[in-house]
Structure formats: C-alpha cells, structure tokens
Amino acid sequence: MYSLEQKQYFSAELMSWYKRHKRDLPWRRSRNPYHIWVSEIMLQQTRVDTVIPYFERFMDKFPTIEALAEAPEEEVLKAWEGLGYYSRARNLQTAVREVQERYGGTVPDTKEDVFSLKGVGPYTAGAILSIAYNKPEPAVDGNVMRVLSRYFLIEEDIMKGSTRVLMEKLAKELIPEGEAGDFNQALMELGALVCTPKSPHCLTCPVMAHCAGRAAGMEDSLPIKKKAKPPRPESRYTALVEGTGEHTGKVLIRQRPAEGLLARMWELPHTLATGAAGDPAAAHEALASHLAADGLGIDSLHLLMQAEHVFSHIRWDMQVYVCRPEPSPLLSELPELLPSHYRWISREEMEQYAFPNVFLRILNTYFKGTFQLKEKERRSLHSRQSVL
DNA sequence: AAAGCGGGGGG
DNA sequence: CCCCCAGCTTT
C-alpha cells in the first residue's frame with residue numbers, strides 16, 4: 001500500500017531536513033544506551049524542554065547503570081520529583097537492576113530482551129534499539145502517529161492498538177538502509193517542530209509536496225482520535241498540621257502506600273470529603289476522625305488555601321486547613337505514637353522527601369507565609385528596640 | 001480493550 | 001483559562 005514514490009520521497013526529504021534542523025539535546029551527545037534509555041523514559045508524556053534539566057541532574061547523580069542500580073529508591077524518586085508518572089522512575093530502577101544482574105550491566109540489543117525490561121514497551125524498545133544500536137526497528141510515539149496519519153491520510157483511530165501496529169509496519173518500511181536511529185529521531189523531530197498538533201507549519205514542511213492530508217485539506221482534523229473521558233472530581237480536605245513543643249516550626253507529612261496512585265511519594269494528610277464540601281465544621285470533623293485513626297488528635301484552625309491537582313482520571317479539589325495537635329494534658333508528657341510512615345519536618349527537610357507538585361505548592365505557600373510572619377515579627381521587634 | 005497513572009504548554 | 005498531549009502497566 002501507498003506508492004513507492006510517496007514513501008521514498010518522504011524518507012529522503014525528511015533525512016535531508018533533519019540534518020539541517022537537528023536540535024542539540026543532552027542525550028544526543030553520545031550513543032550511550034543508558035543515556036538513550038533514561039531520556040526515552042523521561043520523554044514519555046513529557047516535553048523536551050521539561051526533560052532537559054531533569055536529565056542533566058539525573059545523569060550527574062546516577063552517571064552509570066551501576067550507580068542507578070545501587071541508589072536508594074527514595075533518591076531516585078526525589079530526582080524524579082515534579083516530572084509525574086512516578087512509576088516510570090520505579091520501573092526504570094527495577095529494569096536497571098535487572099540489566100546489572102542478568103546482562104552484566106550492558107543494555108541488551110535484541111527486541112525480545114529490551115522489550116521484557118520493566119517500563120519498556122513497543123515505543124521505547126524501538127527507540128533504544130534504533131537510536132543506541134541503529135537496528136531497523138520502528139519507534140512509534142504520538143508525534144510519529146500524527147505525522148504518518150497526515151502524510152499518508154490514515155483515518156484510523158490512533159487510540160486503537162491495531163492502528164499502532166499498522167503504523168509500526170509502515171514506519172519500519174520507511175527506514176532508510178543503515179539510518180534507523182537518525183530516521184526515527186527525524187520523524188519525531190518533524191512532529192515536534194513542524195507537524196505540530198495544532199496549526200501545523202505546512203509551508204515550511206520538507207514533505208508538504210506529497211502530503212496526502214494536506215492535499216485533502218485535512219491536516220487540522222488528523223489524526224483521528226476518540227476523546228478521553230473527563231477526570232472525575234474529588235473534593236478533599238487536607239491537613240497542614242503545625243508541630244508544637246519539640247516539633248515547633250515543623251509540619252506533619254506522611255508517605256503513601258507502596259502500591260497505587262503516587263506510590264511511596266510523600267504528602268500532607270488528606271481525606272475524601274463526602275457530601276457538600278466547603279463547610280469548615282465538616283472539614284474539621286472529617287480531618288479529625290481521619291487522623292484520629294492514626295492516633296493523632298487535632299484542632300482545625302483555619303482555611304489556608306484551596307489547591308487543585310489534575311490527574312488524567314481524577315481531579316482533586318483540595319481545601320487546605322492549618323491544624324494543631326490537640327492539647328492533651330494527660331498525654332502531653334508521653335511521646336507521640338504516630339505510625340512510622342508519618343514524619344515531622346521543617347522547611348529545610350523538604351529536600352529529603354519526594355512530593356507531588358500539588359503538595360510542594362501548598363508547603364511552599366505555607367512556609368512562605370510563616371517566613372513572612374517571622375520577618376514581620378523581627379522587624380517590629382527591631383523597631384521597638386530602636387525606639388528604646 | 002479499557003482503565004489507571006501526572007504534569008506542562010499552547011492558543 | 002480551557003483544551004490538548006500520550007506510553008506502559010494492570011485489569
């Protein structure tokens with residue numbers, strides 16, 4: 001299917017364009033399979049500009065497969081903090097450890113072995129094999145599906161697995177002899193820079209002359225994709241518990257369970273608000289009983305802020321309440337008995353724990369406020385002293 | 001085949 | 001501001 005001329009023209013013009021427009025990216029400075037691998041995992045669902053600083057820091061911290069294999073998981077999560085999809089980081093470390101043990105520290109170069117690594121699917125396997133080892137395997141990501149669906153006017157729903165398989169077959173046929181790595185990167189580069197999701201830059205496109213989608217005036221309506229369901233909203237009460245006594249200046253955080261959403265990341269305590277949210281009394285009741293289950297009595301003080309966190313499937317609408325541990329004359333002499341996944345931390349100690357972005361925003365807002373409060377007190381103290 | 005899994009950027 | 005982007009794992 002598709003004419004030989006349309007295919008040969010595409011590959012030749014694309015390669016010529018890529019040689020002139022190739023971006024200088026940190027992971028393109030070598031063909032170290034480990035570097036390629038890490039970059040491809042980071043680039044899943046994530047834009048190049050976002051990935052660059054993370055990649056640089058990650059390589060400084062974990063320069064080799066051995067270094068990453070031996071690192072504590074919490075350091076790896078901390079290096080991934082803010083990138084999202086944290087299972088990518090956990091899977092990468094699992095896979096790197098497997099490469100250490102099973103392949104003596106060398107990234108395998110066969111389809112079967114690479115594909116079997118945790119976190120490596122059809123796209124990433126193709127990317128590693130082609131870019132690091134120049135093997136003629138397709139690497140079909142969203143960019144590639146968009147470019148091919150437009151150039152060849154393919155109207156299949158790209159969310160379907162069968163469409164990806166079709167695209168992989170086509171993409172493989174397009175690879176010029178001995179140039180798999182550059183060709184696959186060229187295809188993605190065109191999608192990123194020219195054949196963009198909205199308002200594609202057809203007039204500067206190296207293959208516009210034979211683009212079937214453009215000829216049909218369909219560049220804006222391709223690729224065909226069925227709409228995702230909107231995330232379901234969840235109202236959540238969040239507790240920012242201020243330490244007292246020996247924990248003065250600190251706040252209470254906890255670690256999430258090892259499985260599921262945001263696995264093993266750190267967070268502020270929060271709980272689902274059932275019924276009408278927004279009532280401070282209901283918030284106090286919900287947070288107090290939630291934390292009482294872990295042995296902490298609290299007084300809810302005031303609403304600090306609202307925060308929103310959108311996942312692909314859930315939207316958290318969070319109301320953040322500043323709380324204090326309940327004064328308890330009877331127990332005040334006893335050490336607290338919080339479960340071990342809780343910690344009292346200062347602003348400085350945030351550096352040691354990996355938080356999803358929404359909790360970083362809340363904590364930074366809170367600590368900025370308390371810092372400004374302290375500054376205000378210091379200044380007023382100072383002015384009183386100067387009066388004296 | 002469908003659902004779960006975060007966060008950023010562009011128009 | 002709303003809308004869009006998207007690969008792998010698990011079910």
Please list, by residue number, the residues of [range] whose heavy atoms come closer than 4.0 Å to an atom of DNA chain C; answer none if no residue qualifies.
range	value
residues 108-123 of chain A	A:L117, A:K118, A:G119, A:V120, A:G121, A:P122, A:Y123
residues 192-201 of chain A	A:P197, A:K198
residues 47-58 of chain A	none

### Query
Of all residues at least two apart in sequence or in a different chain, which pass the side-chain hydrogen bond (donor to acceptor under 3.5 Å, both in side chains) check with A:D317?
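side-chain hydrogen bond (donor to acceptor under 3.5 Å, both in side chains) list for A:D317, sorted by chain: A:R315.
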### Query
Sequence neighbours excluded, which residues qualify as side-chain hydrogen bond (donor to acceptor under 3.5 Å, both in side chains) partners of A:R47?
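A:R47 satisfies side-chain hydrogen bond (donor to acceptor under 3.5 Å, both in side chains) with no other residue.
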### Query
Sequence neighbours excluded, which residues qualify as ring pair (Phe, Tyr, Trp, His ring centres under 6.0 Å) partners of A:Y103?
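Not a single residue meets the ring pair (Phe, Tyr, Trp, His ring centres under 6.0 Å) criterion with A:Y103.
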### Query
Got a sec, which residues hit ring pair (Phe, Tyr, Trp, His ring centres under 6.0 Å) with A:Y151, two or more places apart in sequence or on another chain?
A:F10
### Lys/Arg-Asp/Glu bridge criterion (N-O < 4.0 Å) met for A:R256, A:E267
yes
### Query
For A:N184 and C:dG7, what is the distance between atoms CG and P respectively, to the nearest whole Å?
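Answer to the nearest Å: 13 Å.
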### Query
Starting at the 5' end of DNA chain C and moving along, which residue's nearest nucleotide shows up first, A:N91 or A:Y85?
A:Y85
### Query
Tell me, which pairs form a salt bridge (charged side-chain N to carboxylate O under 4.0 Å, His left out) where one or both residues lie in residues 124-142 of chain A, sequence neighbours left out?
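As it turns out, the salt bridge (charged side-chain N to carboxylate O under 4.0 Å, His left out) pairs with a partner in residues 124-142 of chain A, which skip direct neighbours, are A:K111-A:E137.
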Choose from [options] the nucleotide whose nearest atom is closest to any side-chain atom of [X].
X	options	answer
A:S312	C:dC5, B:dG7, B:dC5	B:dC5
A:Q44	B:dC5, B:dA2, C:dG7	C:dG7
A:H313	B:dG4, C:dG7, B:dG6	B:dG4

### Query
Given pairs defined as Watson-Crick or G-U wobble with both distances under 3.5 Å, what dot-bracket annotation applies to DNA chain B, with ( ) intrastrand, [ ] crossing, | other strand and . unpaired?
|||||.|||||
Output a table of donor-acceptor pairs, distance under 3.5 Å, between side-chain atoms of residues 357-364 of chain A and any protein atom two or more places apart or on a different chain; print 'none' if there are none.
residue: A:R361; atom: NH2; partner: A:E308; partner atom: O; Å: 2.8
residue: A:N364; atom: ND2; partner: A:L360; partner atom: O; Å: 3.1

### Task
Give the ring-plane orientation class for A:H313 versus A:F311, where under 30° counts as parallel, over 60° as perpendicular and anything between as tilted.
perpendicular
What donor-acceptor contacts under 3.5 angstrom involve side-chain atoms of residues 117-133 of chain A, with partners at least two apart or in another chain?
residue: A:Y123; atom: OH; partner: A:E40; partner atom: OE1; Å: 2.5
residue: A:T124; atom: OG1; partner: A:Q44; partner atom: NE2; Å: 2.8
residue: A:S130; atom: OG; partner: A:G126; partner atom: O; Å: 2.7
residue: A:S130; atom: OG; partner: A:A127; partner atom: O; Å: 3.3
residue: A:S130; atom: OG; partner: A:N184; partner atom: ND2; Å: 2.9
residue: A:Y133; atom: OH; partner: A:V107; partner atom: O; Å: 2.5

Show every donor-acceptor pair shorter than 3.5 Å between a side-chain atom in residues 167-176 of chain A and any protein atom, with sequence neighbours excluded, or say none if there are none.
residue: A:E168; atom: OE2; partner: A:R164; partner atom: NE; Å: 2.9
residue: A:K169; atom: NZ; partner: A:E173; partner atom: OE2; Å: 3.2
residue: A:E173; atom: OE1; partner: A:K7; partner atom: NZ; Å: 2.8

